[in-house]
Amino acid sequence: MHQLGSTRSALRHDHYLQTPDTFVRTPLPGMQNATAVVHAGPAIHAGFVQYTAEMQPGGLLGDTDLQRFAYVLDGTINVDENSLGPGGYVYVPEGEGRPLRAASAARVAVIEKEFNSYGSKPEFFVGKEDGVSPHPLGCDETLQVRSLIPDDPRFDFAVNTMVYQPGAALSMVEVHVMEHGLLMLEGGGIYRLSDCWYPVSAGDFIYMAPFCPQWFGAIGRSPAKYLIYKDWNRHPASR
């Protein structure tokens with residue numbers, strides 16, 4: 001049914017909300033039997049690229065010269081000898097390639113960026129979200145964080161999942177130098193971005209530029225969960 005030009009998607013100078021009703025799918029170079037919903041990249045002055053890859057059985061994400069982090073949303077993918085199902089993830093260092101192939105129909109959240117070096121280069125690894133111990137944000141037990149990238153200064157970005165129990169919220173409006181790419185995975189709530197307030201739900205993507213005021217509160221009867229990227233571990237002058 002036509003929505004007569006109505007959407008929750010919104011673009012502002014320091015943030016944007018991209019909702020599934022506005023997703024446009026396109027193949028990217030190196031993809032086979034797969035398409036991408038591009039969420040962020042240099043076109044919005046982001047320092048990283050983020051997209052959701054939708055892959056048919058046997059579909060391929062080809063090599064990249066960039067760092068690549070991939071988190072499986074649905075289905076199963078293979079990388080080298082590793083098989084990753086929902087909640088599985090992989091980090092591929094810059095210049096190492098390692099194509100990802102779908103063992104079944106799959107959706108994968110993919111983050112790619114140039115490496116900002118500090119000492120030695122990080123190493124390839126795979127992991128599972130449920131193998132990472134959660135910890136509360138601050139002292140709030142209703143807001144749990146899992147850090148999917150090791151706490152190691154060689155990495156120039158972080159990827160976390162955050163789970164809010166119904167009614168849980170950030171304790172403050174955050175304003176900081178880091179930029180974010182955020183994919184809502186479950187539930188929903190209200191996101192404040194700059195001076196705007198948005199209802200958000202599973203499937204939505206949010207980009208937050210550096211110093212964009214930001215706050216989230218979970219609403220509903222089930223927990224809210226999102227996957228969030230941020231640049232990390234580097235001096236601001238090296239952006």
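What's counted below: heavy atoms across the whole structure, side chains too, no hydrogens, waters or symmetry copies.
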Checklist line | Single-linkage hydrophobic cluster, 4.5 Å side-chain cutoff, Val38 and Val24 together | finding: no
Next item on the list: List the steps, then state whether side-chain contact (heavy atoms from CB on, under 4.5 Å) holds for Ile228 with Lys230.
Entry: CA-CA 7 Å; Ile228 185 166; Lys230 63 180 178 181; 5.7 Å; no
Next item on the list: Please name all residues satisfying salt bridge (Lys or Arg N to Asp or Glu O under 4.0 Å) with Arg146, sequence neighbours left out, ordered by chain then number.
Entry: none
Check: Is atom CG of Asp152 surrounded by more than 12 heavy atoms (other residues, nucleotides or ligands) closer than 6.0 Å?
Finding: yes
Margin query: Could you tell me if the side chain of Lys121 sits less than 4.5 Å from the side chain of Pro93, heavy atoms only?
Written below: yes
Item checked: Salt-bridge contact Asp204-Arg8 (side-chain N to carboxylate O under 4.0 Å) -> yes
Next item on the list: Please assess Tyr91 against Phe125 for the test ring pair (Phe, Tyr, Trp, His ring centres under 6.0 Å), listing each intermediate value before the final yes or no.
Entry: CA-CA 5 Å; Tyr91 169 79; Phe125 71 86; 5.7 Å; yes
Check: Can you find a heavy atom in the side chain of Phe205 that is under 4.5 Å from one in the side chain of Val37?
Finding: no
Next item on the list: Find out if a path of hydrophobic residues (ILVMFWY) with successive side-chain heavy-atom gaps under 4.5 Å connects Leu170 to Met178.
Entry: no
Margin query: Could you walk me through whether Leu137 and Met162 satisfy the side-chain contact (heavy atoms from CB on, under 4.5 Å) test, starting with their C-alpha distance in whole Å, then the side-chain angles of each, then the deciding distance to 0.1 Å, before giving a yes or no?
Written below: CA-CA 9 Å; Leu137 184 66; Met162 299 181 67; 4.0 Å; yes
Notebook entry, point to check: So, for Gly203 and Leu183, which heavy atoms are closest and what is the spacing to 0.1 Å?
Noted result: O-CD1, 4.1 Å
Notebook entry, point to check: Quick check: are there more than 12 heavy atoms from other residues, nucleotides or ligands sitting under 6.0 Å from NE2 of His45?
Noted result: no
Next item on the list: Report yes if some heavy atom in the side chain of Thr52 is under 4.5 Å from a heavy atom in the side chain of Val110; otherwise report no.
Entry: no
Check: Does a side-chain N-to-carboxylate-O contact under 4.0 Å join Arg192 and Glu174?
Finding: no
Note to self: Please tell me whether Gln144 and His135 have a donor and an acceptor in their side chains that are separated by less than 3.5 angstrom.
What the structure shows: no
Notebook entry, point to check: Side-chain contact, heavy-atom cut-off 4.5 Å: Leu17 with Val200?
Noted result: yes
Item checked: Closest heavy-atom pair and its distance - Lys113, Phe157 -> CD-CD2, 3.7 Å
Item checked: Pairing of Arg107 and Asp74 as salt bridge, 4.0 angstrom limit -> yes
Next item on the list: Go through the steps to decide whether Cys212 and Val175 satisfy the test side-chain contact (heavy atoms from CB on, under 4.5 Å), and finish with yes or no.
Entry: CA-CA 6 Å; Cys212 172; Val175 181; over 6 Å; no
Check: Can you check whether Phe115 reaches Asp156 side chain to side chain, under 4.5 Å on heavy atoms?
Finding: yes
Checklist line | Thr142 side chain to Ala168 backbone, donor-acceptor under 3.5 Å | finding: no
Next item on the list: Heavy atoms only: give me the nearest Asp65-Glu94 pair and the separation to one decimal.
Entry: O-CG, 2.9 Å
Notebook entry, point to check: Just wondering, are more than 12 heavy atoms of other shown residues or ligands nearer than 6.0 Å to OH in Tyr118?
Noted result: no
Notebook entry, point to check: Quick one: does Tyr71's side chain get under 4.5 Å of Leu84's, heavy atoms only?
Noted result: no
Check: Relative to each other, are the rings of Tyr207 and Phe48 parallel, tilted or perpendicular (30° and 60° limits)?
Finding: tilted
Check: Is a side-chain donor-acceptor pair under 3.5 Å present for Glu186 with Ser222?
Finding: no
Margin query: Which heavy atom of Leu61 sits nearest to which heavy atom of Ala53, and what is that distance?
Written below: CD2-CB, 3.9 Å
Next item on the list: Could you tell me which non-hydrogen atom of Ser147 sits nearest to which non-hydrogen atom of Val132, and how far apart they are?
Entry: O-CG1, 3.5 Å
Checklist line | Cluster link Phe124 to Ile149, ILVMFWY, side chain under 4.5 Å | finding: no
Note to self: Could you check whether Glu54 pairs with Arg25 (Lys NZ or Arg NE/NH1/NH2 to Asp/Glu carboxylate O, under 4.0 Å)?
What the structure shows: yes
Notebook entry, point to check: Should Ile111 and Val159 be marked as a side-chain contact (heavy atoms from CB on, under 4.5 Å) after you check the CA-CA gap, both sets of side-chain angles, and the distance that decides it?
Noted result: CA-CA 9 Å; Ile111 297 164; Val159 180; 4.0 Å; yes
Check: So, the side chain of Ser194 versus the backbone of Cys196: is there a donor-acceptor pair under 3.5 Å, distance only?
Finding: no
Check: Can you hop from Trp215 to Leu182 via hydrophobic side chains spaced under 4.5 Å?
Finding: yes
Notebook entry, point to check: Under a 4.0 Å N-O cut-off, is there an ion pair linking Asp63 with Arg98?
Noted result: no
Check: Of the non-hydrogen atoms in Ile190 and Pro199, which two are nearest, and what is the gap between them?
Finding: CD1-CA, 3.8 Å
Margin query: Under 4.5 Å between side-chain heavy atoms, counting indirect links through other Ile/Leu/Val/Met/Phe/Trp/Tyr residues: same cluster for Met55 and Phe23 or not?
Written below: no
Next item on the list: Would you check if Leu148 and Leu227 make a side-chain contact, meaning some heavy-atom pair closer than 4.5 Å?
Entry: yes
Note to self: Can you confirm whether the side chains of Thr7 and Thr22 place a donor and an acceptor under 3.5 Å from each other?
What the structure shows: no
Next item on the list: For the pair Asp80 (side chain) and Asn82 (backbone), establish whether a donor and an acceptor sit closer than 3.5 Å, ignoring hydrogens and angles.
Entry: no
Note to self: Are Tyr226 and Tyr164 packed together at the side-chain level, in the sense that at least one heavy-atom pair is separated by less than 4.5 angstrom?
What the structure shows: yes
Note to self: Could you go through His15 and Tyr198, starting from their C-alpha distance and side-chain angles, then the distance that decides it, and tell me whether this counts as ring pair (Phe, Tyr, Trp, His ring centres under 6.0 Å)?
What the structure shows: CA-CA 12 Å; His15 69 270; Tyr198 301 98; 5.5 Å; yes
